[in-house]
Amino acid sequence: MRKYGKIVVVLTVAVLVLGVLALAGCSGGSATPSATTTTPTPAANLNLVTPGTLTVGSDTTFPPFESMNGTVAEGFDVDMMNAIGKELGLKVVFQTENFDTIIASVVGHKFDVIASGMTITSDREKTINFSDPYFDSNQSIAVLKASGITTETQLYGKKIGVQSGTTGEKWATENLKPHGATIVPFKDTTGAFNALQAKSVDAVVNDLPVTAEIIKEGPTRGFVIIDSIPTGEQYGIGIAKDRPELLAAINGALAKIKADGQLKQIYDKWISTGQ
Ligand code: GLN
């Protein structure tokens with residue numbers, strides 16, 4: 001069944017290692033890349049919202065993938081998009097967006113792509129295209145250590161904080177709600193974890209690497225991961241379906257930065273395995 005306590009740390013590391021393997025896997029066969037080293041589509045054909053600029057919509061409250069350092073966005077996705085932009089000869093601008101409406105916004109061409117730790121799901125693929133996967137992720141359950149809660153079943157009938165519109169919300173709705181839990185959606189993970197600290201929810205279900213980072217950044221906040229949920233998610237860059245040239249260009253640039261080690265460097269910079 002579930003594994004708890006120190007095992008969670010092991011699982012966390014395992015998940016992060018899986019992320020590395022995913023990167024390695026995606027760049028597998030790099031000795032003979034197929035279409036990966038061809039010249040990307042010229043920027044002029046990409047129908048960008050602002051010509052010459054790749055405008056990226058992102059919920060910038062999701063460390064280590066994207067967060068605001070003052071007025072500047074930083075994180076794995078930011079470095080990755082900057083590397084992709086460089087390959088394509090484009091300036092990259094991050095624009096903060098609400099995660100819950102980010103898909104509708106990219107469809108409406110408010111910006112060119114979504115880079116927001118977004119999981120590729122068949123449901124979302126009905127509305128947008130995704131680039132090839134760039135990161136493997138899972139879900140997690142965090143509680144206040146002082147609550148004494150150590151198992152998933154102790155959350156039956158309790159309040160579960162989630163970020164609205166996420167795969168974490170979906171998992172909690174499918175797996176805890178049937179057992180009498182109340183799912184409480186928040187605009188972002190910051191809101192969900194603030195509520196956990198204030199004890200207005202009993203747990204937060206959220207992407208494992210992000211919860212691990214939030215705990216690492218705030219060790220005195222009293223959070224602990226009690227469960228890692230192997231949902232086997234993969235993050236992709238979201239693009240409107242009527243921008244196939246942009247999708248091809250992004251995939252070409254992504255394959256290049258996987259093959260030449262840039263993405264691995266970005267992984268090593270932002271993803272810590274020591275937590
Ligand atoms: N990976 C999760 C999802 O796609 C959460 C993403 C996020 O909150 N930025 O739903």
Side-chain angles (χ1 to χ4, degrees), residues 12 15-16 18-19 22-23 56-68 73-81 94-107 110-111 113-142 160-177 183-196 201 203-215 217 223 225 227-239 267 270-271:
T12 305
V15 165
L16 297 172
L18 275 178
L23 294 179
V56 183
S58 184
D59 159 33
T60 50
T61 60
F62 208 59
F65 295 94
E66 43 267 326
S67 57
M68 296 307 290
E74 64 173 25
F76 183 114
D77 287 346
V78 179
D79 283 359
M80 177 183 72
M81 290 315 301
F94 263 67
Q95 193 166 298
T96 296
E97 297 289 332
N98 194 337
F99 191 79
D100 204 20
T101 50
I102 207 165
I103 289 179
S105 296
V106 81
V107 168
K110 190 175 175 194
F111 41 84
V113 299
I114 300 168
S116 199
M118 179 173 273
T119 303
I120 301 168
T121 69
S122 49
D123 225 25
R124 290 171 177 161
E125 280 177 322
K126 288 178 194 151
T127 318
I128 55 170
N129 285 325
F130 281 100
S131 70
D132 295 328
Y134 65 85
F135 191 90
D136 283 2
S137 192
N138 284 309
Q139 292 298 311
S140 65
I141 301 175
I160 314 298
V162 295
Q163 182 178 9
S164 190
T166 61
T167 46
E169 178 180 39
K170 189 164 184 278
W171 185 89
T173 304
E174 287 171 358
N175 294 279
L176 297 176
K177 200 174 170 203
I183 312 305
V184 186
F186 292 87
K187 181 173 154 287
D188 50 37
T189 51
T190 310
F193 279 97
N194 286 346
L196 180 59
V201 296
V204 170
V205 176
N206 186 45
D207 290 21
L208 176 58
V210 176
T211 294
E213 179 68 20
I214 288 170
I215 291 175
E217 287 178 7
F223 305 140
I225 294 172
D227 215 347
S228 162
I229 307 158
T231 47
E233 295 174 46
Q234 291 190 303
Y235 295 165
I237 300 161
I239 305 166
Y267 185 98
W270 292 103
I271 308 296

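Residue numbers count from 1 along this sequence. Read the numbers this way: they start at 1 and go in the same order the structure lists the ligands and their atoms. Quantities reported herein were computed from a predicted structural model and do not represent experimental measurements. Every heavy atom of this structure was used, including side-chain atoms; hydrogens, water molecules and symmetry mates were not.
The aromatic ring centres of Phe186 and Phe193 sit 6.0 Å or more apart. Ring centroids of Tyr235 and Phe65 are separated by less than 6.0 Å, placing the two rings close together.
Checked against a 3.5 angstrom limit, the closest N/O atoms of Thr166 and ligand 1 fall outside it. Considering backbone and side-chain atoms together, Thr167 places an N or O closer than 3.5 Å to an N or O of ligand 1. Residue Gly117 has at least one N or O atom closer than 3.5 Å to an N or O atom of ligand 1.
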Practice task
Give the C-alpha distance, both sets of side-chain angles, the deciding distance and a yes or no for side chain to side chain contact (heavy atoms under 4.5 Å, CB included) between Phe62 and Gln163.
Solution key: CA-CA 10 Å; Phe62 208 59; Gln163 182 178 9; 4.0 Å; yes
Problem - CA sep, side-chain torsions, deciding dist, call: Thr167, Asp207, side chain to side chain contact (heavy atoms under 4.5 Å, CB included) - result: CA-CA 8 Å; Thr167 46; Asp207 290 21; 4.0 Å; yes
Exercise for the section: Kindly indicate, with the supporting measurements, whether the criterion side chain to side chain contact (heavy atoms under 4.5 Å, CB included) is fulfilled by Tyr134 and Asp132. Expected result: CA-CA 7 Å; Tyr134 65 85; Asp132 295 328; over 6 Å; no
Practice task
Apply the test side chain to side chain contact (heavy atoms under 4.5 Å, CB included) to residues Phe99 and Asp188: give CA-CA distance (whole Å), side-chain angles for both, the deciding distance (0.1 Å), then the verdict.
Solution key: CA-CA 8 Å; Phe99 191 79; Asp188 50 37; over 6 Å; no
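Only the side chain of Tyr235 comes within 4.0 Å of ligand 1, judged by heavy-atom distances. Residue contacts with ligand 1, taken as heavy atom pairs separated by less than 4.0 Å, do not involve Gln139 at all.
Gln163 OE1, 2.5 Å is the protein heavy atom nearest to atom 8 (O) of ligand 1. When hydrogens are left out, the protein atom nearest atom 7 (C) of ligand 1 is Phe62 CZ, 3.3 Å; that is the closest non-hydrogen contact. Closest to atom 1 (N) of ligand 1 among all protein heavy atoms lies Asp207 OD2, 2.6 Å. Shortest contact from atom 9 (N) of ligand 1 to any protein heavy atom: Ser116 O, 2.8 Å.
At a threshold of 4.5 Å between non-hydrogen side-chain atoms, the residues Glu74 and Trp270 count as touching. With a 4.5 Å cut-off on side-chain heavy atoms, Pro133 and Ile120 count as touching.
Atoms of ligand 1 lying under 4.0 Å from at least one heavy atom of Phe99, given by number and element, are 3 (C), 4 (O), 6 (C), 7 (C), 9 (N), 10 (O).
Using a 4.0 Å cutoff on heavy atoms, Glu169 does not count as a contact of ligand 1.
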